[in-house]
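Counting from 1, the numbers follow the sequence of the chain as shown. Just the heavy atoms: all of them, side chains too, but no hydrogens, waters or symmetry mates, feed the values below.
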Amino acid sequence: MSLDDDDAKESIVYSYTKYFNAFAAKLTKVEARELSRHDKVLSVFPNRYHKLHTTKSWDFIGLPYTAKRNFKTERNIVVGLLDTGITPQSASFNDNGFDPPPKTWRGTCGHFANFSGCNNKLVGARYFKLDGNPDPNDILSPIDVDGHGTHTSSTLAGNEVPDASLYGLARGAARGGVPSARVAMYKVCWASSGCSDMDLLAAFEAAIHDGVDLISISIGGENANYVSDALAIGTFHAMKNGIITVASAGNDGPSSATVGNTAPWILTVAASGIDREFRSKVKLGNGITVSGVGVNTFEPKEKLYPLVSGADAAKNSGTKENARYCLDGSMDPDKVKGKVVYCQLGMWGVDSIVKGIGGKGIILQSGQYLDAAQIFMAPGTMVNVTVGEAIDEYIHSSKSSPSAVISRSQEVKVPAPFIASFSSRGPNPGSDRVLKPDIAAPGIDILASYTPLNSLTGLKGDTQYSEFSLMSGTSMACPHVAGVAAYVKSFHPNWTPAAIKSAILTTAKPMSSRVNGDAEFAYGAGQINPQRARNPGLVYDMDAMFYIQFLCREGYNGSSLAVLVGSKSINCSKLLPGLGYDALNYPTMQLSVKNDQEPTVAVFRRTVTNVGPSPSIFNATIKAPKGVEIVVKPMSLSFTRPSQKLTFKVVVKAKPLSSPQILSVTATMILRISLLLLALLATSSTASMDKRMYVVHMDKAKTQDSYENMINSLTESSTQEQEEDQETTSPKIIYVYERAISGFAAKLSTKQVLCRYRGHGRSTFPCTLAGTKFSPENCNKKLIGARAFFKGYEAVAGRINETVDYRSPRDSQGHGTHTAATAAGSFVEDASLFGLAKGSAAGMKYTARIAAYKVCWRLGCTNADLLAAIDQAVADGVDVLSLSLGGVAKPFYSDNVAIASFGATQNGVFVSCSAGNSGPSSSTVDNNAPWIMTVAASYTDRSFPTTVKLGNGQTFEGASLYSGKATRQLPLVYGATAGGPGAQYCISGSLKKKLVKGKIVVCERGLNGRAQKGEQVKMAGGAGMLVINTDKEGEELFADPHILPATSLGASAGKVVKKYMNSTKKPTASIEFRGTAYGLPAPKVAAFSSRGPSSVGPDVIKPDVTAPGVNILAAWPPMVSPTMLKSDNRSVPYNIISGTSMSCPHVTGLAALLKSAHKDWSPAAIKSALMTTAYVLDSQKAPIPDVGSNNSAPATPFAFGSGHVDPESASDPGLIYDITTEDYLNYLCSLNYTASQVAQVSGKNYTCPDNTTLQPGDLNYPSFAVNFIRSGKSNTMTFKRTVTNVGSPSCAYTVQVEEPSGVSVTLEPKMLSFENSGQQLTYKVSFVGLGGQHTRGSSSFGSIVWVSGTYRVRSPIAVTWQ
């Protein structure tokens, strides 16, 4: 076939003659196929269209304007951007003070429509629209109509512009990373059609020819085939010409394998958050204030506006579903006019629809993670599901007309950095040998220059225009890294693209895999660190041949590589093969671990170039997870001269993985090398109806049903959901595994996985329960299970009264909501109780899912229900159980919590329980079984102080959660001056109105609750209350959300108050409420926290640890008042309460964190890590005090166990004390339990060993309880312990001993030398009483600490004389 000359000329759209030797042409499929067979044609691929990947940030990542700079070189750097164009008149591109462009610059710039031309700052501007079709929504010139290109280019290299802001938000100086550099814009993206391959290639060719020093491209590259992706081709040719290309990773997160621009010669950038967020308060007509995310620049003109839900404003029943999402044409303008509308998020831009029909504002509920602020064109904000449901409930329960007002957005400080939810994740779909993304940089709410040709939202009716705007996306992260690349290049102008990339990756700041669960797949090497990148010490350099060898290793052949190298002469079989597993000299390493019975072994070979001082020596240290062996050869590199190159190899041996997981390994040679090992999931790249491939691994011994029956049960569940989700289809088995594993692969929807998740191959999480105020819709992807157990309760107390409690999983008391939120509640900004304790609220493991098992009712919790719930939870497949309940300590064989938790532990479930609130009396601790983590309660550094001023001028500090105004100096009454019998306690009916009205009443603790006393005072007309402790309560102050001005006072202050009242005829007092105070010495053990030693198991120290349990802010049911009083009509989304019930879920959440980081650890291993890393000094470096002791003496292990939990240290404890089920059973034998008593605990028959001397102290517990006989002449005990190395593979631990008073402690051996990770070593410790007089029940305390480098593995010692 052939084309005549005229047809050929007409078909050719563009000729690439400078670097690509190619052309773009309009061809039929037949013509394209025939052309590809021509021997002179290297490749033919279709023209595709790509999407855009849509200041404080530079200071946040450590590149302030004052940073060391090489201005002379920086001024000669030209940064090229392929984007939507540029706004030349912006102050960011003013050329005041700029000399003419460098002589090497060959670019051009002309005058076009609406384009004023270039200058000495903006040295190049061109556009590429090769299809020749005008864009009705754009202008054929380099001018930026969208705003995207102006924003990215000013972020990269914009001048410093003082006092920049978006209507006053994010105010400050706006600038690029290299403000002295020049800018060249290549417009390739158009408003209607996007960015086409042929335009991109033309722009790459022009940029290379013009002489840019780097290219920044915030455009999608979704094609994983490196030889047919225009971006990969263009960037390869840029690399060959010494130009580094920085590209955005994409905005398709958090789904896995969505990362784009994955070619190894591209620097691929993920988006992270900085430490600010934009929030708007929403005040409801009932007085509750909630918070949402978004940029709302409007000041409300009214105090409140009528509030309506979109569904209620529907035109008719037929449009109600669309009206729920406020879609166009679904709502009645008469029902919307003048009102704030509450909608669920279905599509972007509905604020334009609401405003267009007369609405005054919009509250959008989103199920997505709210980390990026949408700009609203009308008063608006976006709230999470929890807040949205509360608003919806208010709308439909309000007795008066519901109302609300949305405040103007405010800037708030948030923890950072973190990876944006939208940022695309790995693993790399293009190659499982290359880790992508490479690096993370700020990409959320970035302030930069904007176009005057587009409103802030681009929506119809938006009248907001600004020189600067806030935008989010990996598009915003990309120019940050490009700016750093230019910054590094200004100091090292001769470095190759690979060397610059290496410097940026190896100096990145590590990010937390606990905060960012996808770990390196989310952030690559970590958060960018500009000033460190300037001087990395070593670099991994590469040229084009490395990449070709890599592509050959990947299976590309010579003919397919021709499009990159420009010739078909490349023959992979004749090339010298690349070295090592990946044939690259990449700064990171990635290995896919096989899911079979053979270990995976790989050898990575790397060459580093010395770019630091010489001579110098770099030593390698390795941190590898269990099951992975890493060997670096050599372990030391000695450089004698600059630019010297040395080679090393990394040998990785990984055991088979039983389940898909990410194992992160860090090797440090001053610089960091990230090595990622993963088991690949079987997933389909695209799946309609949210379907993906899942591998379901079953326990063959426990699988009785056929897989088909199991899938049928999913089908039944799916059928129930059909009415809500018409796209849900039946699951389908794809493959059955019967040999290496037992299980199957199936296509399942997310709902099917969540709702029918099978724990341990047995039961299912319930997602569709019905009951009082509880329906299937109440379960979601966070709350994946909810059950209620009441048969035992109703057998004792009769049927539940549904007017005072819910016969369903819904919480009617607040306790369960509070504890669940503390353990695993989602991250919520701007949480508070009446403005107190304001800040971020989140569970310890806020990304975990929750299953709730309601066992406690108005009159308590029965053993029958409790056992059934724990049994069901284990069957459902929970990972961690939290029990904030207890009773009286009993022998383990008659303690139902101990028995049920033993079964849970046997099944790998970690169980934490509260220690009890009966302190400070000794031996009051509950939940004493050694397989339970028993948690004490302590204070944080936060308080809610009040000042009580007496009429004689004396002042005292109290505590209260009352948030109103201070009282005046008012008359003070107490006891007989306030009423009749019982008036000193303010019990019901004891106060007389004529004596109390308008006065402050003093009420002693006891007989009724603290808040109940306030209710009695208020009912009697009192104006305030002082709740004073007796000697029994001491000086511990409880803060309560009183319904009138009230505060608590300690016992000493109470005595002074009463003495003052007896000294004058007209005593007066005032109360001032001082809000929230921070910075107190902390922690302190709470006086109410129950104490050891254990009355039923004195051979184990209890409690185990302490955690925050005083004045804890967490979620609260809106239908339950904060005081739970009938007269209290206040509704709050958060409440502050105290107890070991609050400390327990803190440790539960931390256990979940450790479980996610160490999936193969047993419950005992997790418990050991939390105990041996706990700390015993407060924030002032003094011993943690015990509020319940005289003068707050230092706390002992009987108050706080091993100390206060330390999450960071617990994640890497060095050594662990592991305990098996058999160990626990032998411990029960050592307590001289009978066979039937052991069977009651274990649920099975167990024969105690008869040839071994068992003693309770040999249980492999992370603490030591020693019980000496007072009258014993020879008080000597020797215990054995075994520790497992989970830290550095090769290490030695030496012991430090703090001997208890009157006791000698010796260990054998005194050093433990480990050669491998996972290795176990045993030691013995002997305790010898030194005589002397000891009273019965007296104790002394010490510790044993194993030390290796930064590891300190501490075990407390408690010696008691009985």
Side-chain angles (χ1 to χ4, degrees), residues 13-14 24 46-54 79-88 90 109 112-115 122 124-156 183-207 210 212 215-223 229-235 238 245-252 260-261 266 269 424 443 446 448-454 458 469 471-479 482:
V13 175
Y14 191 84
N47 179 45
R48 300 180 184 90
Y49 286 83
H50 301 258
K51 297 180 294 183
L52 292 164
H53 282 163
T54 293
V79 297
L81 296 101
L82 279 62
D83 217 298
T84 63
I86 198 165
T87 303
S90 169
C109 183
F112 305 92
N114 294 87
F115 191 79
L122 177 59
R126 303 172 65 177
Y127 75 88
F128 299 86
K129 190 76 166 65
L130 303 185
D131 62 10
N133 299 322
D135 190 315
N137 299 310
D138 214 323
I139 301 171
L140 286 175
S141 86
I143 197 71
D144 185 9
V145 172
D146 179 86
H148 189 276
T150 301
H151 198 281
T152 56
S153 52
S154 61
T155 300
L156 199 171
V183 177
M185 171 56 66
Y186 300 86
K187 182 174 177 178
V188 294
C189 297
W190 301 87
S192 301
S193 58
C195 332
S196 77
D197 281 347
M198 59 183 177
D199 293 340
L200 284 166
L201 287 173
F204 269 112
E205 186 175 59
D210 292 347
V212 300
I215 293 173
S216 177
I217 181 163
S218 293
I219 296 173
E222 289 81 11
N223 187 356
D229 176 19
L231 285 173
I233 296 168
T235 54
T245 301
V246 184
S248 49
N251 299 330
D252 295 318
N261 294 316
I266 297 175
V269 187
S424 291
I446 305 301
S449 292
Y450 194 64
T451 178
L453 300 179
N454 196 13
S469 186
M471 298 178 74
S472 300
T474 53
S475 282
M476 284 63 250
C478 172

Using every non-hydrogen atom in the two residues, find where [X] and [Y] come nearest and quote the distance to one decimal.
{"X": "Tyr186", "Y": "Ala203", "answer": "CB-CB, 4.0 Å"}
{"X": "Lys129", "Y": "Asp135", "answer": "CE-CB, 4.4 Å"}
{"X": "Pro479", "Y": "Thr152", "answer": "CB-O, 3.3 Å"}
{"X": "Gly443", "Y": "Met476", "answer": "CA-CB, 4.0 Å"}
{"X": "Tyr450", "Y": "Gly147", "answer": "CE1-CA, 3.7 Å"}
{"X": "Ala247", "Y": "Ile266", "answer": "CB-CG2, 3.6 Å"}

Does [X] use its side chain to pair, donor to acceptor, with the backbone of [Y] at less than 3.5 Å?
{"X": "Asp138", "Y": "Ala191", "value": "yes"}
{"X": "Asp252", "Y": "Ser424", "value": "no"}
{"X": "Ser154", "Y": "Ser449", "value": "yes"}

| said: Checking Met471 against Ile446 for the side-chain contact (heavy atoms from CB on, under 4.5 Å) test, could you report, in this order, the C-alpha distance in whole Å, the side-chain angles of both residues, the deciding distance, and whether it holds? | reply: CA-CA 5 Å; Met471 298 178 74; Ile446 305 301; 5.9 Å; no

Counting C-beta onward and ignoring hydrogens, is there a side-chain heavy-atom pair between [X] and [Y] closer than 4.5 Å?
{"X": "Leu201", "Y": "Phe128", "answer": "no"}
{"X": "Val188", "Y": "Ile219", "answer": "yes"}
{"X": "Val145", "Y": "Asn137", "answer": "no"}
{"X": "Ile215", "Y": "Leu82", "answer": "yes"}
{"X": "Phe115", "Y": "Ile86", "answer": "yes"}
{"X": "Thr451", "Y": "Thr84", "answer": "no"}
{"X": "Ile143", "Y": "Tyr127", "answer": "no"}
{"X": "Ser218", "Y": "Asp83", "answer": "yes"}

| task | Working to the nearest 0.5 Å, report the span between CG of Asp146 and CG of Leu453. | result |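 Here the interatomic distance stands at 10.5 Å.
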
| field | Atom pair CH2 (Trp190) and CG (Asp131), whose distance is rounded to the nearest 0.5 Å | value |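 Trp190 atom CH2 to Asp131 atom CG measures 9.5 Å (nearest 0.5 Å).
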
| Qualifying residues under side-chain hydrogen bond (donor to acceptor under 3.5 Å, both in side chains), relative to Thr150, sequence neighbours excluded |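 Thr150 satisfies side-chain hydrogen bond (donor to acceptor under 3.5 Å, both in side chains) with Thr87, Asp144 once adjacent residues are dropped.
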
| message | Salt bridge or not between Asp210 and Arg126? Use side-chain N to carboxylate O under 4.0 Å. | response |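 A salt bridge links Asp210 with Arg126.
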
| said: Going by the rule side-chain contact (heavy atoms from CB on, under 4.5 Å), which residues pair with Ala477 if we only count those two or more places apart in sequence or in a different chain? | reply: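 Residues passing side-chain contact (heavy atoms from CB on, under 4.5 Å) with Ala477: Val269, Ala271, Ala441.
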
